[in-house]
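What follows is a short report on a single structure.
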Amino acid sequence: MPPTQVAVCGPRHAAAADATNAWEIGRLLAEAGATVLCGGGAGVMAAVAAGASSAGGLVIGVRPDTDPGHICEGLSAVLYTNMGEARNAILVWSADAVIVVGGSWGTLSELALANRRGNVPIVSIGGWKILDSDGEPVDSAVVTSSPQAAVEAALSAAQRR
């Protein structure tokens, strides 16, 4: 069986706490033998790639463009899609689990695509909270408060699939 592939999604303009969480998530995923998928750019993407590569992990960047000048360090391989934000669907559909770190419009798109896909575990740390039209919370992800809990939840759920 191939290694579990976990997409880690988050903003390119990341808050310091989100970048720290992403780095630790990357490291923990690599130590667990998971393949890390990310957008291959700045912010959360760069942090998760750095964390995973620091632990010898395999990190695949799924880029929205074809410009090698925009990739982050720490990637093992890059998929240049030239599809803009549509690459978010490729990222989410390639994952056995999705971890959302922080929030931006692109991250919200990835969260929505993962929920629309169904049958993929979604874990959030410091991310979006979605409300329905009545103002009630929508169960869009397992909410965690630490990188360790996020990784454990994602890997555990992915293995049960």
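Because the structure is a prediction, the values reported are computed rather than measured.
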Between [Y] and [X], is there a side-chain heavy-atom distance shorter than 4.5 Å?
{"X": "L131", "Y": "E136", "value": "no"}
{"X": "L111", "Y": "I130", "value": "yes"}
{"X": "V98", "Y": "V6", "value": "no"}
{"X": "V100", "Y": "E110", "value": "no"}
{"X": "L91", "Y": "L113", "value": "no"}
{"X": "Y80", "Y": "P64", "value": "no"}
{"X": "P147", "Y": "L28", "value": "yes"}
{"X": "R63", "Y": "L79", "value": "no"}

- prompt: Could you go step by step and tell me if I99 and V101 meet the side-chain contact (heavy atoms from CB on, under 4.5 Å) rule?
  reply: CA-CA 6 Å; I99 299 176; V101 181; 4.1 Å; yes

field: For A149, all residues meeting side chain to side chain contact (heavy atoms under 4.5 Å, CB included), sequence neighbours excluded
entry: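 Counting only residues at least two positions away or on another chain, A149 forms a side chain to side chain contact (heavy atoms under 4.5 Å, CB included) with T144, S146.
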
Under 3.5 Å, which donor-acceptor pairs link side chains of residues 35-57 to any protein atom two or more places apart or in another chain?
{"residue": "S53", "atom": "OG", "partner": "A49", "partner atom": "O", "Å": "2.9"}
{"residue": "S53", "atom": "OG", "partner": "A50", "partner atom": "O", "Å": "3.2"}
{"residue": "S54", "atom": "OG", "partner": "G51", "partner atom": "O", "Å": "2.7"}

What ring-ring contact (aromatic ring centres under 6.0 Å, His included) pairs are there with at least one residue in [range], not counting sequence neighbours?
{"range": "residues 89-137", "answer": "W105-W128"}
{"range": "residues 32-61", "answer": "none"}
{"range": "residues 14-37", "answer": "none"}

Atom pair [atom1]/[atom2] of [X] and [Y] - distance to nearest 0.5 Å:
{"X": "N82", "Y": "R87", "atom1": "CG", "atom2": "CZ", "result": "12.0 Å"}
{"X": "S76", "Y": "L58", "atom1": "OG", "atom2": "CG", "result": "4.5 Å"}
{"X": "T4", "Y": "L29", "atom1": "OG1", "atom2": "CG", "result": "9.5 Å"}

Least distance between heavy atoms, V142 atom then A153 atom: CG1-CB, 4.5 Å

- request: Evaluate whether atom CG of D132 has more than 12 neighbouring non-hydrogen atoms of other residues, nucleotides or ligands under 6.0 angstrom away.
  value: yes

Side-chain polar contacts of residues 7-22 - donor-acceptor pairs under 3.5 angstrom, sequence neighbours left out - could you list them?
{"residue": "T20", "atom": "OG1", "partner": "A16", "partner atom": "O", "Å": "3.0"}
{"residue": "N21", "atom": "ND2", "partner": "A17", "partner atom": "O", "Å": "3.4"}

field: Side chains of S109 and N88, donor plus acceptor under 3.5 Å
entry: yes

- prompt: Cluster question for you: counting only ILVMFWY and a side-chain heavy-atom cut-off of under 4.5 Å, with indirect links fine, are I122 and I125 together?
  reply: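 Cluster IDs for I122 and I125 differ.
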
